[in-house]
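Notes follow the structure.
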Amino acid sequence: MASRFDWLIDEARLTAQTMLDRAEELASPTLRLGITGLSRAGKTVFTTALIHALMRGGRLPVFRAMHEGRIAGARLEPQPDDGVPRFDYEGHVATLVDDRRWPESTRRISELRLAVDYAPARGGRRTLTLDIVDYPGEWLLDLPLLDQTYAEFSAKSLSLARAPARRPLAGPFLAALEASNAAGTADEPEARRIAALFTDYLAACRAETVSMSLLPPGRFLMPGDLEGSPALTFAPLDLPEGAEAPSGSLHAMMERRFEAYKERVVRPFFRDHFARLDRQIVLIDVLSALNAGPAALADLEAALDGILTAFRIGRNSWLSALFRHRIGKVLFAATKADHLHHTSHDPLEAILRRLVERALARAEGAGAEIDVVALAAVRATREAMVKRGRAHLPAIVGVPEAGQHDADEFDGLAEAAVFPGDLPENPSALFDPALGFNGLSDASGGDFRFLRFRPPVVERNAEGLALPMPHIRLDRALEFLLGDRLK
């Protein structure tokens, strides 16, 4: 009953906030764009590159408003939410351009407001206020928890932990569960030990050679100022079907903390941020999953399916738009396309489309506009033909990060030509081990390996401003996400 009451209060607050947002848009058209993705997908780089492209321009032929010269300029403005950290655009540009390092990964929510002055095709001058909300994709995977009981969460989590690809990583955690007594008296040290082992298991699943994606609760891997709090000190337990939690038991303690996590962590994120978005891009590191093999691809597919179920998707009617934000456009983007030769870009998009196939069908049925793209928000490589023997092979050339290795270990200073291999035209070949693909999980060395490259050299002009950054299909993403609002 209390949960139902809280839900009704949240719905009322969302309706009131939406009506307020709509009233403000009458005076100043505003679009709230959510940027998210799972670990290592490049959220910070994409957000920085998107802002930089709007402010500095560059070669963006598919982004019509820019290509036609109708964007007069874009400027940063104070963000509307004083309680949310500001996205450190200037610091990230300096890291990319001056240090030639990739910025630190997104570990918390941040915002930035950009005012885009443009000329509509029919003439005149207008301003679109773009509120960019950057947040970790792992938080999206928490949203389905709002509709789960602790028993359901435990059953689903343990089913994943006992799957063949994960069981070796979950061994210490599962052993601790076998030695515990859910109906026994609650013991704080035991609860902390089990929760720590559960967190270690989730962290092991995220390692590069494993690259699992479906890892809720999301804050366990990026706790921030919640680290050590009871709301993050719980774990799934082996529970008999229909078991009640005895008062004062370990079961009761874990269940109470699970509910606290939902109410104090997940629900505020949904209510205050996620439910107010108008557009969304989901960045996906498909290449890391390819490195890890079919189990990682299948896990990524399940994670993406779960992510899209969380969206309030569908077109707004004129009446429903007054009372509820609804995400009308979702772009799924396979990042790091610059790690492949352009001949593999279409197959990369095909693999991504295969990964989100079920989610696409559900979203399109709800009226949302969906697209997929392979892109590199900041292009770190160039293409070349390299002679090997009598053959001329397509290669990519860039500066691999120090410590990366192929036949040799790279020092982070010298350029190298890399042959990334060709992705199969038929994505199904990557999802079935019987068809021969094993990724780096194959003891024989695997089928694909993608190196990490340093950012490219980007000059600054006489005023000290960074020149436009090279990219792959950032303009296509901009056109899809913003083009209709700049006509």
Beyond-backbone contact of [X] with [Y], side-chain heavy atoms, under 4.5 angstrom:
| X | Y | answer |
| --- | --- | --- |
| Asp338 | Val378 | no |
| Asp475 | Glu479 | no |
| Arg166 | Tyr201 | yes |
| Phe153 | Thr149 | no |
| Thr185 | Leu250 | no |
| Pro80 | Arg113 | yes |
| Phe63 | Leu486 | yes |
| Leu197 | Ile194 | no |

Looking at [X] and [Y], would you say the former's side chain and the latter's main chain have a donor-acceptor pair under 3.5 Å?
| X | Y | answer |
| --- | --- | --- |
| Asp131 | Arg32 | no |
| Asp81 | Val84 | no |
| Ser213 | Asp299 | no |
| Asp278 | Ile327 | no |
| Asp142 | Gly218 | yes |
| Tyr135 | His273 | no |
| Ser249 | Ala245 | no |
| Arg379 | Pro455 | no |
| Ser288 | Asp285 | no |
| Glu138 | Leu215 | no |

How close do [X] and [Y] get, heavy atom to heavy atom, and via which atoms?
| X | Y | result |
| --- | --- | --- |
| Phe258 | Gln148 | CE2-O, 3.7 Å |
| Ala477 | Leu375 | CB-CD2, 4.0 Å |
| Leu352 | Phe332 | CD2-O, 3.4 Å |
| Ser157 | Pro236 | CB-CG, 3.8 Å |
| Ala374 | Ala337 | C-CB, 4.1 Å |
| Arg476 | Val372 | NH2-O, 2.7 Å |

Would one find more than 12 heavy atoms of other residues, nucleotides or ligands at under 6.0 Å from atom [atom1] of [X]?
| X | atom1 | answer |
| --- | --- | --- |
| Glu90 | CD | yes |
| Arg40 | CZ | yes |
| Glu227 | CD | no |
| Arg75 | CZ | yes |
| Glu104 | CD | no |
| Arg108 | CZ | no |

For side-chain contact (heavy atoms from CB on, under 4.5 Å), just list the numbers for Met469 and His52, CA-CA rounded to whole Å, side-chain angles, deciding distance to a tenth of an Å, and then say yes or no. CA-CA 8 Å; Met469 301 180 191; His52 194 73; 4.0 Å; yes
Let me confirm one number: the [atom1]-[atom2] distance from [X] to [Y], rounded to the nearest 0.5 Å.
| X | Y | atom1 | atom2 | result |
| --- | --- | --- | --- | --- |
| Arg279 | Ile132 | CZ | CD1 | 13.5 Å |
| Leu482 | Leu128 | CG | CG | 7.0 Å |
| Ile370 | Leu331 | CD1 | CG | 9.0 Å |
| Leu287 | Lys336 | CG | NZ | 7.0 Å |
| Leu481 | Leu31 | CG | CG | 8.5 Å |
| Arg193 | Ser180 | CZ | OG | 8.0 Å |

Given the rule in the side-chain hydrogen bond (donor to acceptor under 3.5 Å, both in side chains) test, do Tyr150 and His251 qualify, once you have shown the distances and angles that lead to the verdict? CA-CA 9 Å; Tyr150 175 68; His251 179 180; over 6 Å; no
Using side-chain contact (heavy atoms from CB on, under 4.5 Å), reason through Arg162 and Leu174 one step at a time and then give a plain yes or no. CA-CA 8 Å; Arg162 288 172 174 141; Leu174 294 175; 4.0 Å; yes
Salt bridge flag under 4.0 Å for residues Arg354 and Glu301: yes
Do Glu263 and Arg257 sit within salt-bridge range, that is, some charged N less than 4.0 Å from a carboxylate O?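 Not counted as a salt bridge, because no side-chain N and carboxylate O are separated by less than 4.0 Å.
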Any donor-acceptor N or O pair under 3.5 Å, side chains His339, Arg452: no
Parallel, tilted or perpendicular: which one describes the rings of Phe274 and Phe269, with boundaries at 30° and 60°? tilted
Angle between ring planes, Phe173 versus Phe198, binned at 30° and 60°: parallel, tilted or perpendicular? tilted
Determine, step by step, whether Glu188 and Arg192 satisfy the side-chain contact (heavy atoms from CB on, under 4.5 Å) criterion, reporting the C-alpha distance in whole Å, the side-chain angles of both residues, the deciding distance to 0.1 Å, and the verdict. CA-CA 6 Å; Glu188 181 66 29; Arg192 296 182 69 85; 3.3 Å; yes
Taking side-chain hydrogen bond (donor to acceptor under 3.5 Å, both in side chains) as the criterion, tell me which of Thr44, Thr36, Thr48, Thr47 meets it with Asp134.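 With Asp134 as partner, Thr44, Thr36, Thr48, Thr47 yield a single side-chain hydrogen bond (donor to acceptor under 3.5 Å, both in side chains), made by Thr47.
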Stepwise, does the side-chain contact (heavy atoms from CB on, under 4.5 Å) test hold for Val282 with Ile284? CA-CA 6 Å; Val282 181; Ile284 304 159; 4.2 Å; yes
